[in-house]
Amino acid sequence: MMYDYIIKPFEKALQAIGVEDVSILTFDIPKVAAHGDLSTNIAMLLAKKLGKPPRTIAQEIIEKLSFKDGIVSHFEIAGAGFINVRFGAKYYELALAEMGEQHNDYGRTTSGKGLKVNVEYVSANPTGLLHIGHGRNTAIGDTVANLLEWTGHEVTREYYFNNAGNQMNNLALSIRARYHHKAGESNYPFPEDGYHGTYIQLIADELFEQHTDSLLDDTKETLEVFRSAGEKWCFAAIMRTLDKMNVKQDVYYNEDSLYTTGKVKKVIEDLGAAGLAYDKDGAIWIALSKIDEKLTDRVIVKSSGEPTYRLPDIAYHRDKIERGFDLIVDIFGADHIATIPDVMAGVKALGLDSSKIKVLIYQFVTLTENGEQVKMSKRTGKSYTLDDLIEELGADVVRFFFIMRGINTHLEFDLSLAREQSDRNPVFYLQYAHARISSIFANAAGKEISTLGNVDFSLLNHAAEWQLIRALQRFPEAIKRASHQLEPQMIVEYLREVASSFHTFYHECPIVRAEENLRSARFKLLEITRIVLNNGLKILGISAPDKM
RNA sequence: GCACCCGUAGCUCAACUGGAUAGAGCAUCUGACUACGAAUCAGAAGGUUAGGGGUUCGACUCCCUUCGGGUGUACCA
């Protein structure tokens, strides 16, 4: 639409003045409305190459420009050499018709067609309940996956977990201690690094009910019972929480399978063959300094024979590349920041293209209440879990709060604000716009007023209507950009603008009470607005209610 | 010490990745409901983009530097 009617004429004009490579032509949406609907800086970019002042070039371009009737109402040279374009009535009519036709698919593009993407998120080990940080991880990962789907990518949502190792052992020991306590041995020592959450006692209690005191012998076998019961319980709890968050993943990838299938071993062999791994002090090291001089060599297999986390991480990412993904997105908390260069270098050392891997680092979340920080401690088990948050606020508010800020800024989660069902809470602003539209349709139905009829978009020429249409028309572009930048927050900002334009339109323009033909056109505009809000909220994983 | 992230209105954050006059919400002050939902709208006020240099037609954005805040820096994950 925009390409055929606006961009193509520009490309032709450029060719007419002798510019062959038109790929540098881009358009911006001016911040200031007086500068039109679209703006290009092409003349400035060409100034050096052509050796002429920007405004002269702009003038030459403009002389060659020609648009179809009514598509563009006005264009001009402004400032240092910008070319500004203002859409005409015909453009809005065509755009609206197209949006209406695409309906629930409006906003989808095909820019990612044929590309396979893996988005790995949540990835919590089954040692406890999801906490606030996991919440941000989950909301970001799921929304990014949605965005990639809406731009035509084939998306696999993946959960990576480790159900072996120290942490799991710790979980088993913690449950065992609580089990002994339950059995009356109140002096049984609790492990120093044990998990203190109340859920540990719950698991122990369940085991005691099933086994009474038959697990009191501290053997390998009984410890395994505690371990596997703990894992099962934690996973079930995690899945329940994710379900509430409206999250469904496709692949659950067990780190242990990297060992059983020999993939870890193969990494060591291949690194060795490439001369990038060596033995020292009884351990195996990876020669990161040979791959990137800023890095230092690291241990990948300890002298005890156990691997460090780097080794399976490298094997895992190799596996993802070998599964044929064109883009691999990891969602990590800021505490993982140091490991990323190591893993990337390791992947590169195996001769693979590490640029396929994009790691999104999100900064920490702090909970505040009445302006004061809520302390979160894993040790004491008093931490706010994600479940607690959802219970108190609802999944919509929780998801929204986790993505309404850019990924790499610290997120202040204001509990008192989130709790408020009022205009101070930004999630309601979007949902309210949707509910209001539904309500207008219901109102019309109640009065037996037709919302259909012949639609003549040329009747829509109120400034508020145009502003709304302009916003609606940018939806596919907004998704494309957010998807490309992997920034969910951009969709939040966009939807806020749509909702704002809609509310203004609502106040300025009567709908049900408008004259019949105008009414039909306005109802159509309402319908498209509802589609955009609905689709946008769907991307954010938030419900679009008809009533609130 | 080193690496990464952040510093924008009183507060919480935007700014289409280098564009024109830096924008929203809250808080403060004015106005708009016997209207289709006031969970809304219209308006006022609020800024040396932490400080200083540089790069260029043009910088909140890129580079250097100083100052503040956060995170990480293991043969822990």
Pair A:R470-A:D37, salt bridge (Lys or Arg N to Asp or Glu O under 4.0 Å): steps then yes or no: CA-CA 8 Å; A:R470 268 199 294 269; A:D37 296 315; 3.2 Å; yes
Searching all strands shown, indicate the nucleotide that pairs with B:G1 (Watson-Crick or G-U wobble; both distances under 3.5 Å). B:U73
If I pick the C1' atom on B:A22 and the same atom on B:A15, what distance separates them, to the nearest angstrom? 7 Å
Just N and O in the side chain of A:K302: are any of them under 4.0 Å from OP1 or OP2 of B:C76? yes
Euclidean distance for P, B:G25 against B:G43 (whole angstrom): 10 Å
If you look at every strand shown and take non-hydrogen atoms under 4.0 Å, does A:P53 touch a base, only sugar-phosphate, or nothing? nothing
Summarise how protein sits on nucleotides 41-47 of chain B as a single string, 5' to 3': B when a protein heavy atom is under 4.0 Å from the base, S for sugar-phosphate-only contact, - for no contact. SS-----
With a 3.5 Å cut-off and no angle check, do the side chains of A:N163 and A:E231 form a donor-acceptor pair? yes
Go through the structure and list residues passing ring-ring contact (aromatic ring centres under 6.0 Å, His included) with A:Y252, not counting sequence neighbours. A:Y159
Holding to ring-ring contact (aromatic ring centres under 6.0 Å, His included), I want the full list of residues that pass it with A:F400, two or more places apart in sequence or in another chain. none
Under the 3.5 Å rule, do the base of B:A20 and the side chain of A:N41 count as making a donor-acceptor pair? no
Relative to A:Y494, does A:R474 satisfy both conditions: NZ or CZ under 6.0 angstrom from the six-membered ring centre, and within 45 degrees of the ring's axis? no
Can a donor-acceptor pair under 3.5 Å be found between the side-chain atoms of A:T308 and the base atoms of B:A77? no
Donor-acceptor pair (no angle test) under 3.5 Å: A:R481 side chain, B:C16 base: yes
Could you tell me whether A:A435 contacts a base, only the sugar-phosphate backbone, or nothing, with contacts defined as non-hydrogen atoms closer than 4.0 Å? base
Starting at CG of A:L411 and ending at C1' of B:U71, how long is that distance when rounded to a whole Å? 15 Å
Take A:E255 and A:R496, find for each the nucleotide of RNA chain B with the closest heavy atom, and name the residue whose nucleotide sits nearer the 5' end. A:R496
Do A:T127 and A:N125 have side-chain atoms, one donor and one acceptor, less than 3.5 Å apart? no
Classify the nucleic acid contact of A:R298 as base, sugar-phosphate or nothing, counting any heavy atom under 4.0 Å across all strands shown. sugar-phosphate
Describe the nucleic acid contact of A:A283 in one word from base, sugar-phosphate, nothing, applying a heavy-atom distance below 4.0 Å. base
Using atom C1' of each nucleotide, how far apart are B:G68 and B:U49 to the nearest Å? 16 Å
Among side-chain atoms of A:S289 and A:D297, is any donor-acceptor pair under 3.5 angstrom? yes
Quick one: label A:K547 by what it contacts on the DNA or RNA (base, sugar-phosphate, nothing), any heavy atom closer than 4.0 Å. base
Assign A:D342 to base, sugar-phosphate, or nothing according to its heavy-atom contacts below 4.0 angstrom with the strands shown. nothing
What's A:D313 touching, base or sugar-phosphate or nothing? Going by heavy atoms closer than 4.0 Å. nothing
Report each atom pair, protein N/O against N/O of nucleotides 1-11 of chain B, whose distance is under 3.5 angstrom.
unit_1 : atom_1 : unit_2 : atom_2 : d
B:C5   : O2'    : A:N408 : O      : 2.8

Would you please say whether a donor-acceptor pair under 3.5 Å links the side chains of A:D319 and A:Y253? yes
Kindly write out the residues that satisfy side-chain hydrogen bond (donor to acceptor under 3.5 Å, both in side chains) with A:S543, not counting sequence neighbours, or none if the list is empty. A:D396
Polar atom pairs between nucleotides 55-57 of chain B and protein, under 3.5 Å, N or O only, would you list them?
none

